[in-house]
2 protein chains.
Amino acid sequence: MISSIAELIAERMDAMPAGERRAAQTLIANYPLIGLKTVAEFSAAAGVSSPTILRFVARLGFQNYPEFQSTLQDELAAQLQSPATRTLNPPSPGGGATPPMLEATLDNMRETFRHLSDRQLADIAAQLAGRRGKTFLIGGRFTDPLARYMAAHLAIVQPEVFHLAGQESMWRDRLIDMGKRDVLVIFDIRRYQDSLIRFAEKAHQRGVQIVLFTDQWLSPIARFARHVIAGRTAVPSAWDSSAALFVVAEMLIATVTRQLEVEGSRRIRAMEDLR
Amino acid sequence: MISSIAELIAERMDAMPAGERRAAQTLIANYPLIGLKTVAEFSAAAGVSSPTILRFVARLGFQNYPEFQSTLQDELAAQLQSPATRTLNPPSPGGGATPPMLEATLDNMRETFRHLSDRQLADIAAQLAGRRGKTFLIGGRFTDPLARYMAAHLAIVQPEVFHLAGQESMWRDRLIDMGKRDVLVIFDIRRYQDSLIRFAEKAHQRGVQIVLFTDQWLSPIARFARHVIAGRTAVPSAWDSSAALFVVAEMLIATVTRQLEVEGSRRIRAMEDLR
DNA sequence: GGAGCGCTGTATCGTATGTTACGTATTTTG
DNA sequence: CAAAATACGTAACATACGATACAGCGCTCC
């Protein structure tokens, strides 16, 4: 089974004429980036003419150059998105091999945070801690527990935190209470739920600031969101993993708590007195 | 010092208008491949028009789109040629190293799994997948969302999965339905809740098999539990982290799903038909 | 409430890019 | 060694891509 273009080339290289073989070699040498550049650049790097490059990709079975490039890009995307192939990983102490699923989860978290700036986290935390308005949280079928988890914590350090639960009609009616001073935290990963999208749109129209937790393919809600957190979800399982989003949520909780330290601890003490 | 485009974007994202921010987000979400495609494809993915994409790259300081693409390619080339620098020197967009909290969370997971044998996980999964009895899930104040999350998934691949919600009196009465063929999954970390402990004890007396998710100090429920999963919870935050337990839960969900593959997929198909 | 500014999308334009035709060079074969 | 076939590059072509001008719209700030 031939999976990558590199293999395909290696297999047919011998059956190629001299010029095309040079093209093949230069492509392998700096794989796959040369193939993503223009035909002119490729041909210059290989020291052959443009038509030779085109004949080369034609011989590989592609209809035209763009098709060849698309395939290369897809291949690259697969490589980048599953860093499982990465050789360097912190060696698991104790000698026991870490299960693939844990491996993937840890990678997901690292990847997620790699694309998440401190600045962005700080901004979101500030928005949540800024006590000017109310905070609403809601999630989809599988992610609603994350919304609950976050709500459970935030509700302790500050007032006016509401988790939107129950039937759609229930929380849709809560829109009436939302304004531009308020924040709506939404969790939505594939398959994106229409009800949530509609809700987000209406909230957006009312000027509500939306913080979206989604996957790397971005829920359509991203269109309405002030802040978007894109977590990696791919794991060797029948389900997507929300673990990375969970960790981001915990970090936000921690940051918000720290910012509200003074009032927060006062609240907590008052709460304990109430028991 | 700004080395990657991702950093550059993270820094200027806030100063961007809505449309360009959407472009930035989609680029970050599938970094960097979208940026290597044509302007038309990029704009379609971001849900904006082509000129917005061009204004976006212009704002990043590039003279034109090809220049932007070249920079992305160079960056990618550097990454591909030395995969070592990728993990050792993770170019986090914020410019800083991995945040301490993420560091601690990752450590927690590794530690948690180090003390968790495959055998134990397999046993628990078998217990959950063994379809002889019902499955109940419940959690404490902060961990109940984890119970919900697990219940949401398990309920799809097998029947008779119940999350115990609402007031204490509610689920206490459900004890009547529980017997020795049933499994009760409990999440309980500090500060351990009396109500949960009482509930676990009564369930144990009825012969219910208890699977306990707790922290490293072990909830008192451990005494009644058939299986105990002790997750690390310490992080530099005012709160404990449930992330490790979350990951264990996800892994169990995955394993159970795999074991029930045949019946599970039949169930899923039947469910989709019902829509 | 009105005027000004800034952002965004539509439509058009110029051009760089991939593609093809054709002539020359090079190798292969009888 | 000659003749044919294949390979390669030059040059002309068409398409699709990036770039730009302009108008509509919403937003902010007097």
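Quick note: numbers below take in every heavy atom, side chains included, and nothing from hydrogens, waters or symmetry partners. Convention: sequence-line order gives letters A, B, ...; per-chain numbering from 1.
Per the geometry, CE belonging to A/Met16 stands 16 Å off C1' belonging to D/dC8, to the nearest Å. Note: CD (A/Gln69) to C1' (C/dT19) measures 14 Å, nearest angstrom. Atom pair A/Glu41:CD and C/dG18:C1' shows a separation of 14 Å (rounding to whole Å applied). At whole-Å resolution of the value, NZ in A/Lys180 and P in D/dG26 are 15 Å apart. C/dG14 atom C1' lies 14 Å from atom CG of B/Asn64, rounded to whole Å. What separates CZ of B/Phe68 from P of D/dC17 is a distance of 17 Å, to the nearest Å. For B/Gln63 and D/dT20, the CD to P distance is 10 Å, given to the nearest whole Å. Counting to the nearest Å, the P atom of C/dT19 and the CZ atom of A/Phe62 are 13 Å from each other.
With hydrogens and angles disregarded, no donor-acceptor distance shorter than 3.5 Å links the side chain of A/Thr143 to the backbone of A/Gly139. Although no hydrogens or angles enter the test, the distance criterion places a donor-acceptor pair under 3.5 Å between the side chain of A/Gln69 and the main chain of A/Gly35. A/Glu160 contributes no side-chain N or O that, together with a main-chain N or O of A/Gly133, makes up a donor-acceptor pair within less than 3.5 Å. For the pair A/Thr38 (side chain) and A/Glu41 (backbone), a donor-acceptor distance under 3.5 Å is present. Without hydrogens or angle criteria, A/Arg21 side chain to A/Met16 main chain gives a donor-acceptor distance under 3.5 Å.
Of the candidate nucleotides D/dC8, C/dT19, D/dA19, C/dT19 has the atom lying nearest to any side-chain atom of A/Tyr65. Closest approach to the A/Leu54 side chain among D/dG18, C/dT20, C/dG9 is made by C/dT20 (side chain taken as heavy atoms from C-beta onward).
Aromatic ring pairs are classed by plane angle as parallel below 30°, tilted from 30° to 60° and perpendicular above 60°; the pair A/Phe56 and A/Phe42 is perpendicular.
Remark: A/Arg174 is positioned above the aromatic ring of A/Phe162, its terminal NZ or CZ atom under 6.0 angstrom from the ring centre and at most 45 degrees off the axis.
Fit an axis to the five pairs at each end of the helix from C/dG1-D/dC30 to C/dG30-D/dC1 and the two axes sit 30° apart, to the nearest 10 degrees.
Taking side-chain N and O atoms only, B/Ser50 has no distance below 4.0 Å to OP1 or OP2 of D/dA19.
A ring-centre distance under 6.0 Å is found for A/Phe142 and A/Trp239.
At the heavy-atom level, B/Thr38 lies under 4.0 Å from the strands shown only through sugar-phosphate atoms.
Residue order along DNA chain C, read from the 5' end via each residue's closest nucleotide, puts B/Arg22 first among B/Arg22 and B/Pro66.
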request  = Using a 4.0 Å cut-off on protein heavy atoms (strictly under), produce a 5'-to-3' string for nucleotides 1-7 of chain C with B for base contact, S for backbone-only sugar-phosphate contact, and - for none.
outcome  = ------S
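Between atom CG of residue A/Leu196 and atom CD of residue A/Glu168 there is a gap of 8.5 Å, rounded to the nearest 0.5 Å.
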